[in-house]
Amino acid sequence: MRKKIIAGNWKMNKTPTEAKELISKLKDKCNTDKVDVLFVVPSIDVTTAAECLKGTKIKLGTQNFYFEEKGAYTGEISAKMILDAGAEYVIIGHSERRGIFKEDDAMINKKLIAAHKFGLKPILCCGESLELREKGTYKAFIEGQIKSAFESISKEQALNTVIAYEPIWAIGTGKTATSDEAEEVCKFVRETVKNLYDESVANEIRIQYGGSVNAGNAKELFGKEDIDGGLVGGASLKEEFINIVNY
Ligand code: PGA
């Protein structure tokens, strides 16, 4: 049985002071071990958030890092820094990083390799644009994203990776994929993993859906066979997140 994983992606929101306030509102009612709960905060908030979450079951992640170990990379943060500050997960390949910051498949592959090398648990995002959805070529596109991200990733590392399927047209738009649309692609992602590794990896790897998940649609989405939880943006900044975690 795969344990659901529900992650709040705060994106570029909340100062350390505000993070403290939000966590104090959410933490008691999100403190469960029925599902894995994750707050994925801006890296500047990690130290504060780690302190606030001490003694809870809630896990901490951040939204980006650079694949080199250390050195002259002005403005970047390393896996070691994130881990030392108290986070264990990292999002890789979010469509906002791919689109706004021009991260390509090769960069995302390097980050996935580095996350495993340095001991961060990655949440790898994939997902198509509205244009590809309408053209009908979205599955081939997503298959390409997954194959390229997992190049040189071992079976054990694959098992330690979470995949998030996030159709770009559903992110921050209020337009959620229907549960059938989300299930169709999550199932397809699982098949892709099976082709890359084997059935046991495909059965064990956790695949989230993301894109306008809210308290009203979480139950239906997370009830689908191949959807193992969600990557939640907007609704993770509100008390609504409590209802998503306790769907
Ligand atoms: P959203 O964002 O829930 O606000 O649509 C999801 C995400 O981008 O991870």
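As the structure lists them, so they are numbered: ligands from 1, and atoms in each ligand from 1.
- Around atom CD of E131, no more than 12 heavy atoms belonging to other residues, nucleotides or ligands sit under 6.0 Å away.
- At least one side-chain heavy atom of D45 sits under 4.5 Å from a side-chain heavy atom of K14.
- In this pair, Y73 and Y66 present their aromatic rings tilted. The plane angle is within the 30 to 60° band.
- At distances below 3.5 Å, not a single donor-acceptor pair connects side-chain atoms of S212 with backbone N or O atoms of T176.
- Atoms of ligand 1 found under 4.0 Å from any heavy atom of G211, numbered from 1 in the order shown, are 5 (O).
- Nearest to atom 9 (O) of ligand 1 by heavy-atom distance, out of Q63, E166, Q208, E96, is E166.
- Residue contacts with ligand 1 for C125 are absent, since no atom lies close enough (heavy atoms, distance under 4.0 Å).
- Judged by the 6.0 Å and 45° rule, K139 forms a cation-pi pair with F188.
- Under 4.0 Å from ligand 1, heavy atoms of I171 appear from its side chain as well as its backbone.
- The ligand atoms of ligand 1 that sit less than 4.0 angstrom from a heavy atom of N9 are 9 (O).
- Close contacts of ligand 1 with A170, meaning ligand atoms under 4.0 Å from a residue heavy atom, involve 5 (O).
- With hydrogens left out, the protein atom closest to atom 3 (O) of ligand 1 is G233 N, 2.8 Å, a heavy atom.
- A salt bridge links D228 to R190: one of the charged nitrogens lies within less than 4.0 Å of a carboxylate oxygen.
- The main-chain N or O of R2 is never found under 3.5 Å from a side-chain atom of E204 such that the two would form a donor-acceptor pair.
- Each of the following atoms of ligand 1 lies closer than 4.0 Å to a heavy atom of H94: 7 (C), 8 (O), 9 (O).
- Interface of L231 with ligand 1, defined as ligand atoms under 4.0 Å from a residue heavy atom, comprises 6 (C), 9 (O).
- Using a 4.0 Å cut-off to heavy atoms of G234, the atoms of ligand 1 that qualify are 1 (P), 3 (O), 4 (O).
- With ligand atoms numbered from 1 in the order given, ligand 1 contributes 1 (P), 3 (O), 5 (O) to contacts under 4.0 Å with heavy atoms of S212.
- Every atom of ligand 1 is numbered from 1 in the order shown, and the set under 4.0 Å from a heavy atom of G172 is 1 (P), 4 (O), 5 (O).
- Using bins of under 30°, 30° to 60° and over 60° for the plane-to-plane angle, the ring pair W10/F39 lands in the tilted bin.
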